[in-house]
Amino acid sequence: MSDLLATIQKRMARSVKEYDMIHPGDRVLLAVSGGKDSMTMARVFPLLRRGLGIDFEFAALHVRSDFAQSVDLSAMKGFLDDWGVPWEIIEVGVQKRLKPGQKMNCYWCSTQRRTELLKYARAKGYNKIALGHHMDDILETFLMNMMLKGELSTMMPVLPYEQYPQTVIRPMSLLSEEEIIAFADWSGIRKYACTCGYDTQSRRRDVRRVLDTMEEEFGRDVKRKMFQAMGNPVLSYLPVPQKNPAG
Ligand SMILES: Nc1ncnc2c1ncn2[C@@H]1O[C@H](COP(=O)(O)OP(=O)(O)OP(=O)(O)O)[C@@H](O)[C@H]1O
């Protein structure tokens, strides 16, 4: 096995253990866009199950919408078959759901997809939905929420739905995008993987640039340190206003 694949598997196994993501008997639905992140996740899942020694089931679902059809489906199916990942593709018309005057944007589109993933998981009895977000996505969201919403919050590695028995998991939480790109390049996934090309998330791009600059200034470890800091809040040294101030 290549060193790259071994590193990815190791970090995914650590995420699963550290955040207690997968339990015996779980049925995990891998949300696969055809992009480098979720394809890397799918590549590692069969190895992960063997390595962890946990008895769980998994299968991949690709939601094909009438709006973003840039993925090479036959290449995606070929990869998944080679890796021993069962898959299904569902077709969904999202454009007609836009209200008059409403414009397509990344947030809206991903909400539609999330709804479809949840609907499918509920119908087919999957209790976990695995998304391909990685450490950089989580850090970017953290900085965006801090700078634009004034709160300390981010995407959670494990997030149960409030009204349903399904839970979203992010098994790539401890992987950097750099590691995923290196693996996706080496394995040939990246050559074919494409994204929708409708990237309107300019704020996220700006934040990514800020993080890159920080990395240049403070060294390669800075992103991991910041990620670590999110899980290590020292509340007694944070200026949290008192609920019932004396006097
Ligand atoms: N069409 C889709 N069908 C199923 N799952 C999807 C689809 N698009 C996105 N997802 C899931 O949502 C996650 C986040 O989507 P996003 O569009 O932000 O992709 P990304 O960060 O570019 O990742 P990727 O490289 O996997 O496309 C993906 O990693 C994947 O798990």
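Worth saying up front: this structure is predicted, and the values here are computed from it rather than measured. When a ligand or atom number is given, it counts from 1 through the structure's own listing order.
Between S33 and ligand 1, an N or O atom pair is found at a separation short of 3.5 Å. Close N/O approach between M41 and ligand 1 is not found [any backbone or side-chain N/O within under 3.5 Å]. Considering backbone and side-chain N/O atoms, G132 comes within less than 3.5 Å of an N/O atom of ligand 1. For a threshold of 3.5 Å applied to N or O pairs, the pair formed by V63 and ligand 1 contains at least one separation below that value.
Those atoms of ligand 1 with a heavy atom of V32 less than 4.0 angstrom away are 2 (C), 3 (N), 4 (C), 5 (N). Those atoms of ligand 1 with a heavy atom of H133 less than 4.0 angstrom away are 14 (C). Within ligand 1, the atoms closer than 4.0 Å to a non-hydrogen atom of L61 are 4 (C), numbered from 1 in the order shown.
H23 and D26 share no donor-acceptor pair across their side chains, judged by distance under 3.5 Å alone. No side-chain N or O of E216 forms a donor-acceptor pair with one of T213 less than 3.5 Å apart. For the residue pair E88 and Y120, a side-chain donor N or O sits within less than 3.5 Å of a side-chain acceptor on the partner. S176 and E178 are not linked by any side-chain donor-acceptor pair at a separation below 3.5 angstrom, with hydrogens and angles left out of the test. Between the side chains of R204 and T141, at least one donor N or O sits under 3.5 Å from an acceptor N or O.
Which of H62, K36, R113, E116 comes nearest to atom 6 (C) of ligand 1 through a heavy atom is settled by distance: it is R113. Selection from D37, L117, L30 by nearest heavy atom to atom 23 (O) of ligand 1 gives D37.
Looking at D136 and L211, their side chains never come closer than 4.5 Å, going by heavy atoms from C-beta outward.
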Step-by-step side-chain contact (heavy atoms from CB on, under 4.5 Å) determination, L61 to L117: CA-CA 8 Å; L61 178 69; L117 285 166; 3.8 Å; yes
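Within the 4.0 Å heavy-atom criterion, neither part of R64 lies near ligand 1.
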